[in-house]
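A, B, ... follow the sequence lines: proteins, then strands. Residue 1 opens every chain.
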Amino acid sequence: MVDTKELEEVSRKIRRDIMVMLAEAGSGHSGGSLSATEIMVSLFWNVLRHDPENPDWEERDWFVLSKGHACPVLYAVLAARGFFPRKELWTLRKLDTILQGHPHRLKTPGVEFSAGSLGQGLSLASGVAMGLKRQGNPGNVYVLMGDGEQNEGAIWEAGMTAAQYDLDNLCGICDRNYLMIDGNTEEVMGLDPLADKWRAFGWQVFEIDGHDLRQMTYAYERFQLEKKRPTMIIANTIKGKGVSFMENQADWHGAPPKKGEQVQQALGDLGFTAPWEDFKKHDFDWVG
Amino acid sequence: MGDIREEARLVDYRKGVEEVPSRDGYGHGLLWLCENDERVVVCDADLAKSTRTIWVRDKYPEKFIDFGIAEQDMLAEAGGLSRTGLVPFVTTYGVFVAGRAWDQIRTSICYGELNVKIGGAHGGISVGPDGPTHQSLEEIPLMRVLPGMTLVVPTDAHEAKKATIWAASHEGPVYLRFGREGVPVITTEETPFTVGRAEVYRDGDDVAIIACGPLVYEALVAADALAKDGVDARVINCHTIKPLDVDTIVTAAKECGAVVTAEEAQVYGGLGGCVAEVLCQQHPVPMRIVGIEDVFGESGSPRELLDRYGMNSGNIAAKVKEVIAMKS
């Protein structure tokens, strides 16, 4: 178990890399990458069994990104864990990159499925969980969804399937930041009471602070103890978390910080003072 | 005058044929696979009886997974199953899979190059009395536009079984299209079948009739009628729509100088469309397409519908006369 203080620092650096990568790319999704940072860090540093040298290791746990647009946080995490060289981050969305605008499993080590069309990841993850169980593989499957994504009917189809087949090795995480492109989730297409809905579907549900690394890790541990039901972690988060001008702003869903002053301000909010382009030249641990 | 090729090993259909639904061949293929390939699992969406996966459910219940009436989920779940080394055969009616779950097939399965096999039952207007909602006429264009997809339209139950068994040996997505009704069994165990290769069943040099599915039989009957009028028709079973056997098609156009295609599907973007794309670029010849003329079907008996919507042997022969008249 990695110390929480240390993971807070990792989270700060992941957010930094998300901002630099998006500024360099000139397009991409800031808000939902920043909101999911602690969800991802607690999973990849404290929970997930994986081997960056051998991404297809048969005994691994699986991570499926269903909300594919949040791939900057996944790419930053995979680079920091050593799945591919960090310099690849600065090629995001550019011609010939291994880091497509939405994840493609055949391009990027550590990406399990191609994603971008919402509402498919929970089914894919459920299929993996079912396949592992059928073959006696003890691996667990984690899948990160957006809250707006819960509008997709296929999510609830998968919810029925996972409960029907007792997939206790399946853990869904809903990044509950209450914002989708067109505005507040409850105004666009209401989801609450979301936890009750998942409970009614036969899932074990935790509602926690998705920016609290201790709570996240604890929820993952509780999931691992469950022997019957699939688990849904509703992680309450803030869209754009950590960057003052992005927090709780729907408009930052699909926009990057601009090169120069704006990304520098974002980094300043995260506590970094070095010129933004310098972070491309150094390793993950360098803080300027 | 040409005739049926010896090496095609067809049944002597002129003396009468047995009629068996091609979906039965799928069911038999699945049973064979369950016995012989431990990776295979069979998925269904509450249509086990009708798609013949019930045969698997009864004999190999541990290999059968029912997803209920949830096709979008089933297709992506199959994608997940495939990533763990299993070979899922997902099964439902053509409209509910090629249509409803198209996005899952496109983005998760084809773009992600997942090893999922799709059995699309109830293809064609011969689905009959259930009417247009269940008569799948659009899967050929919907599936063939997807990179990486292999699309096979077996002509009868024998060929359906062979295609099903082949699908498990192929790495990558495969769509198999079956009909509902009993259709003439014209091939035998010995009839050559290679995915990606169109088979010439009847030699002839005046016109080439390129057909798929049950209309191969109609094409053979049409050729016999045409022979009486002195027209020598080559008949080709183009069971694989993708990858298309371009060589056999272009050779037929060069040697016959006119082409008619026949399929139990919409005329836009199907087998006729494939052949037209190839010929207009490589060897243009007079051509006609037999199929559904951009309308939905209606309830009726299979035979009545094939007649009303212009897909019987007489319709094929009439189109042949048109293209022959165009040959200069």
Side-chain angles (χ1 to χ4, degrees), chain A residues 55-56 58-66 68 100 102-108 111-141 143 152-165 167 169-170 201, chain B residues 34 37-46 60-90 92 96-97 99-117 146-148 171-173:
Chain A
D56 292 330
E58 280 196 11
E59 291 167 45
R60 72 187 180 283
D61 293 325
W62 293 59
F63 173 74
V64 178
L65 183 66
S66 188
Q100 296 292 298
H102 290 78
H104 185 28
R105 76 174 196 94
L106 300 169
K107 294 257 189 203
T108 314
V111 169
E112 302 281 13
F113 289 101
S114 302
S117 178
L118 295 174
Q120 302 187 19
L122 188 58
S123 297
L124 291 162
S126 171
V128 172
M130 196 184 295
L132 295 177
K133 256 186 186 295
R134 293 178 76 89
Q135 296 172 88
N137 185 320
N140 286 319
V141 185
V143 50
E152 292 279 5
I155 291 282
W156 302 95
E157 294 182 3
M160 283 187 272
T161 297
Q164 178 74 20
Y165 288 99
L167 299 182
N169 57 343
L170 177 64
F201 271 64
Chain B
C34 286
D37 190 336
E38 61 179 8
R39 304 168 305 151
V40 167
V41 289
V42 176
C43 309
D44 203 289
D46 196 42
Y60 304 95
E62 74 286 356
K63 288 186 166 284
F64 179 81
I65 309 168
D66 206 322
F67 286 95
I69 308 165
E71 296 81 8
Q72 298 174 72
D73 178 49
M74 175 169 71
L75 267 289
E77 297 262 1
L81 288 165
S82 78
R83 288 279 281 124
T84 68
L86 298 173
V87 180
F89 279 73
V90 299
T92 182
F96 307 140
V97 61
R100 186 179 220 125
W102 188 85
D103 188 23
Q104 279 77 6
I105 297 172
R106 176 194 181 268
T107 299
S108 288
I109 295 174
C110 286
Y111 179 45
E113 295 184 13
L114 301 183
N115 196 24
V116 174
K117 319 302 169 185
L146 295 171
E171 180 72 27

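For E58(A), no part lies near chain B; criterion is any non-hydrogen pair under 4.5 Å. Proximity to chain A is absent for every atom of L75(B), based on heavy atoms less than 4.5 angstrom apart. If you measure heavy-atom distances from A158(A) to chain B, the contacts under 4.5 Å come from both the backbone and the side chain. Using a 4.5 Å cut-off between heavy atoms, W156(A) does not touch chain B at all. Contacts of L132(A) with chain B are made by both backbone and side-chain atoms, with heavy-atom separations under 4.5 Å.
Below 30°, between 30° and 60°, or above 60°: for Y165(A) and F67(B) the angle between ring planes is between 30° and 60°, a tilted geometry.
Comparing G131(A), A115(A), G139(A), G116(A) by how many heavy-atom pairs each has under 4.5 Å with chain B, the most go to G131(A). For the options E71(B), E62(B), R83(B), heavy-atom pairs under 4.5 Å to chain A are most numerous at R83(B). Interface remark: of the candidates C43(B), G68(B), A70(B), A70(B) forms the most heavy-atom pairs closer than 4.5 Å to chain A. Note: R105(A) leads R105(A), H102(A), M130(A), E112(A) in heavy-atom pairs under 4.5 Å with chain B. Of the residues considered (Q72(B), E77(B), M74(B)), E77(B) shows the highest number of contacts with chain A, using heavy-atom pairs under 4.5 Å.
Between Y111(B) and S114(A), the closest heavy-atom pair is CD2-CB, 3.5 Å. Taking all atoms of both residues into account, the shortest heavy-atom contact from S123(A) to A154(A) is OG-O, 4.0 Å. Contact between Q104(B) and Q120(A) at its shortest, heavy atoms only, is CA-OE1, 3.5 Å.
Between the K117(B) side chain and the V87(B) main chain, no donor and acceptor come within less than 3.5 Å of each other.
Around the CZ atom of R106(B), the shell of radius 6.0 Å holds no more than 12 heavy atoms that belong to other residues, nucleotides or ligands.
Counting heavy atoms from C-beta outward, M160(A) and F201(A) have side chains that approach closer than 4.5 Å.
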